[in-house]
Protein chains: 2
Amino acid sequence: MYPQLKLENQLCFRFYTVSRLLTQIYYPLLKSLGITYPQYLVLMVLWEADHQPVNDIAKRLLLNTNTITPLLKRMETDGLIKRKKDKTDGRKVIVTLTKKGKLMEEQAVSVPDNLIKSITCSDFVGSLPQDIFPVLDNMIDTLRQTVETMNE
Amino acid sequence: MYPQLKLENQLCFRFYTVSRLLTQIYYPLLKSLGITYPQYLVLMVLWEADHQPVNDIAKRLLLNTNTITPLLKRMETDGLIKRKKDKTDGRKVIVTLTKKGKLMEEQAVSVPDNLIKSITCSDFVGSLPQDIFPVLDNMIDTLRQTVETMNE
DNA sequence: TCAAAAAATATCGCACGCGATATAAAAAAT
DNA sequence: ATTTTTTATATCGCGTGCGATATTTTTTGA
């Protein structure tokens, strides 16, 4: 009846679906490391720069503390990271990789390649338009601004 | 250290982020209707064709029954749909819109337009490449095949 | 016909995500 | 110096998502 309510015209549904399916394909690869996809994201942030407050990690991943805090607690329980109050600013909690968390980077190096290999297509990456990354980054930037404006 | 483990090189992270942010922007629009985004998706499927078995809805949304079943139960509790065993095939459960579920389509018509309006950008849609939909559909098709192959 | 396989749905457990709200510490304002 | 505001993190509750598995019904095959 209303074309704007057809599933085939929904942009968000496509992103929702691609995100879910990609995460499902990640699952067996990350399971062998004993981590989930959001935990993998946190580790990537820390591998780039260790010793960060919770809020910096949250901002980098565009997640809120109500998601990040329990996530980090689980990672601490699993021995991947340590959480410690900042000496100079008692509000901040600094997150640091443990030896286990640091060593996992070596095992994770093969994950991106294995992901591509496991996708049933002769050339998944090559079939994507060259400019897909900037398009997505523009979208994220616009959406991020919108959400920030909403929460004011 | 390893470029393949940099967040800025992650395709999946971008889809994950766009999906989450878009859903957050949907939230206040759908809240006024009393529904969530996944429930909105189920309703769109039923508005296109009422009276469908659970599995058809699940396939359409590329979700599994362990997600759809509780979702449908909540929607039944909220008086949006009815679930009834199929007479001819006792395994199937047929999902039908209630009057409330049907009437909600009229209220939902404005949601897509209001979503665009609420996004902080002069021309969000116009700044997307013309061929973004087929690209996404190709991705979904490839990923769907991969996940199906995984579960064999 | 009758056991075995397949199909459809459901249950269980756990990890997110996030709106709403609370708590604690630091910074700013009066 | 004290109150107010802001910042950083955490808690609570609920709704997904999904891997693993179970249940029920139908279909298939020997």
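Lettering follows sequence order; numbering is per chain, from 1.
A/M150 has its CE atom 7 Å from the P atom of C/dG19, to the nearest Å. We find that CZ of A/F15 is positioned 20 Å from C1' of D/dG17, with the value rounded to whole Å. Distance A/I94 CD1 to D/dA10 P: 11 Å, rounded to the nearest Å. Taking atom CG of residue A/L71 and atom C1' of nucleotide C/dC14, one finds them 13 Å apart after rounding to whole Å. When the P atom of C/dC14 is taken as reference, atom CG of A/L30 falls 20 Å away, rounded to whole Å. The distance from atom NZ of A/K87 to atom C1' of C/dA25 is 16 Å, rounded to the nearest whole Å. Summarising the geometry, the separation between NZ on B/K92 and P on C/dA8 is reported as 6 Å, rounded to the nearest angstrom. In this structure, CG of B/L21 is placed 12 Å from P of C/dG17, rounded to the nearest angstrom.
Under 4.0 angstrom from either OP1 or OP2 of C/dA20 there lies at least one side-chain N or O belonging to B/K31. Close to C/dG17, at under 4.0 Å from its OP1 or OP2, lies no side-chain N or O of B/Y37. Not one side-chain nitrogen or oxygen of A/Q24 sits closer than 4.0 Å to the OP1 or OP2 atom of D/dG17. Taking only side-chain nitrogens and oxygens, B/T36 comes nearer than 4.0 Å to OP1 or OP2 of D/dT16. Residue A/Y16 places at least one side-chain N or O under 4.0 Å from the OP1 or OP2 atom of D/dG17. Phosphate contact (OP1/OP2 of D/dA8, side-chain N/O of A/N55, threshold under 4.0 Å): present.
As judged by a 4.0 angstrom heavy-atom cut-off over every strand, B/L63 is placed among residues touching the sugar-phosphate backbone only. In this structure, B/P53 reaches the sugar-phosphate backbone alone: every heavy-atom distance under 4.0 Å involves primed, P, OP1 or OP2 atoms, never a base.
Comparing A/K73 and A/R20 by the nucleotide of DNA chain D whose heavy atom lies nearest to each, the residue mapping closer to the 5' end is A/K73. Both A/T88 and A/Q39 sit near DNA chain C, but only A/Q39 has its closest nucleotide nearer the 5' end. Of the residues near DNA chain D, A/T65 and B/N64, the one whose nearest nucleotide (by heavy atom distance) lies more toward the 5' end is A/T65.
Distance from the side chain of B/V54 is smallest to C/dA10 among C/dA10, D/dG17, D/dC12. Here D/dT16 is the nucleotide among D/dT16, C/dC12, D/dT26 with the atom lying nearest to any side-chain atom of B/R74. Distance from the side chain of B/N66 is smallest for C/dC12 among the nucleotides C/dC12, D/dT26, D/dT9.
When the side chains of ILVMFWY residues are joined at heavy-atom separations under 4.5 Å, either directly or via intervening members, B/F133 and B/L11 end up in a single hydrophobic cluster. A/Y27 and A/Y37 are not part of a single hydrophobic cluster, where members link through side-chain heavy atoms under 4.5 Å apart. There is no path of hydrophobic side-chain contacts, each under 4.5 Å, that joins B/L29 to B/L103.
A/R91 contributes a side-chain N or O that forms a donor-acceptor pair with the base of D/dT7 under 3.5 Å.
Look at B/D56 and B/K59 and you find no salt bridge, because none of the NZ, NE, NH1 or NH2 atoms lies under 4.0 Å from a carboxylate O.
Nucleotide C/dT30: paired with D/dA1 (Watson-Crick or G-U wobble, both distances less than 3.5 Å).
Taken to the nearest 0.5 Å, the CD1 atom of A/I68 stands 9.0 Å off from the CE atom of A/M75.
Annotation: cation-pi geometry satisfied between B/R20 and B/Y16 (NZ/CZ under 6.0 angstrom from ring centroid, within 45° of ring axis).
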